[in-house]
Amino acid sequence: MPPVDPPIDPARLVRELTAIQPEWPEPERPVPPPARDVDCAKAKCVALTFDDGPGEHTGDLLDTLAEHRARATFFVVGGVVARGGGGDLRRMVAEGHELGNHSWSHAQLTALSRSGIAAELDRTQKIVKRETGVRMVFMRPPYGATDGRVAEASRSRGLSQILWNVDTMDWRDRNSGVVTRRVAAAAPGSIVLLHDIHRSTVDAVPEVLKDLAAEGYTFVTLSELYGRELTPGKRYMKR
């Protein structure tokens with residue numbers, strides 16, 4: 001049999017081409033790093049998820065995650081992206097994080113009409129695809145409020161509903177120490193709810209990463225946590 005060519009690493013290819021022709025412009029769309037070899041059926045994995053951004057503290061959070069080589073999932077609000085641009089999102093993708101749909105205006109979807117739910121999801125899908133090239137496959141309903149109509153709208157758009165099993169209540173208790181202690185309740189396979197729009201939460205993350213890493217945890221995206229395609233429309237709370 002003829003030899004099989006190894007798979008192309010797009011990030012490496014961009015680096016090599018840029019080295020040959022340094023005057024070439026940077027690609028318009030971010031190039032994600034190659035997939036990691038992590039098996040969360042065997043490893044102690046935890047998925048840190050951040051809602052409501054990107055915000056003014058998101059860049060500092062990304063610096064911290066990069067320092068610890070940790071990956072996370074960001075459920076972004078489309079209207080916030082529209083106001084602030086997609087720079088943070090492009091950095092998230094380039095550094096191996098995952099993006100999820102958190103509606104356009106952070107509306108309670110269960111209080112909207114079917115067409116209203118559709119608009120909230122579609123507008124956010126569209127702007128994230130425009131800014132990053134990514135078609136999101138996860139959504140998180142604001143406030144965790146979902147019903148059959150939200151499930152159907154998600155299903156028809158190829159979006160799995162992701163909730164959580166560790167709630168830090170960081171939106172209410174703006175105290176880094178309290179947030180850190182609540183994250184300590186995580187177990188292997190946990191999905192942790194956080195918000196990168198709060199300074200106190202971003203300040204808690206270095207200690208969170210240090211403490212959980214000392215217990216042998218790997219910080220993974222939702223795709224890494226599950227290791228398989230999820231069912232659109234279905235609700236997931238942990239691995």
Original post:
Do the side-chain N and O atoms of D203 and S176 include a donor-acceptor pair separated by under 3.5 angstrom?
Top reply: no
**OP:** Please check if F74 and I162 belong to a single hydrophobic cluster, counting links between Ile, Leu, Val, Met, Phe, Trp and Tyr side chain heavy atoms closer than 4.5 Å.
**Re:** no
Subject >> Ion pair check, D173 and R182, cut-off under 4.0 Å >> reply: yes
Subject >> Flag for N165-S190: side-chain donor and acceptor within less than 3.5 Å >> reply: yes
Subject >> Under 3.5 Å donor-acceptor, E98 side chain and L222 backbone >> reply: yes
Original post:
Should F75 and L193 be counted in the same cluster of Ile, Leu, Val, Met, Phe, Trp and Tyr side chains packed under 4.5 Å apart?
Top reply: yes
Original post:
Are a donor atom and an acceptor atom from the side chains of D170 and T201 found within less than 3.5 Å of each other?
Top reply: yes
Subject >> Test of ring centre spacing under 6.0 Å for H195 and F50 >> reply: no
Subject >> Single hit among V192, T180, V46 for side-chain contact (heavy atoms from CB on, under 4.5 Å) with V208 >> reply: T180
Subject >> Close aromatic pair by centroid cut-off 6.0 Å: H106 and Y143 >> reply: yes
Subject >> Close side-chain approach of V76 and D88, heavy atoms under 4.5 Å >> reply: no
Subject >> Between R140 and T49, a side-chain donor and acceptor under 3.5 Å >> reply: yes
Original post:
Would E120 and L112 count as a side chain to side chain contact (heavy atoms under 4.5 Å, CB included) if you check the C-alpha gap in whole Å, the side-chain angles of each, and the deciding distance to 0.1 Å?
Top reply: CA-CA 10 Å; E120 288 281 331; L112 302 180; 3.7 Å; yes
Original post:
Does the side chain of T221 come under 3.5 Å of the side chain of S223 through a donor N or O and an acceptor N or O?
Top reply: no
Original post:
Going by atom types only, do D52 and H102 share a side-chain donor-acceptor pair under 3.5 Å?
Top reply: yes
Original post:
Is the distance between the ring centroids of Y226 and Y236 under 6.0 Å?
Top reply: yes
Original post:
Just by modelled atom types, is the K129 backbone N or O under 3.5 Å from a matching donor or acceptor in the T132 side chain?
Top reply: no
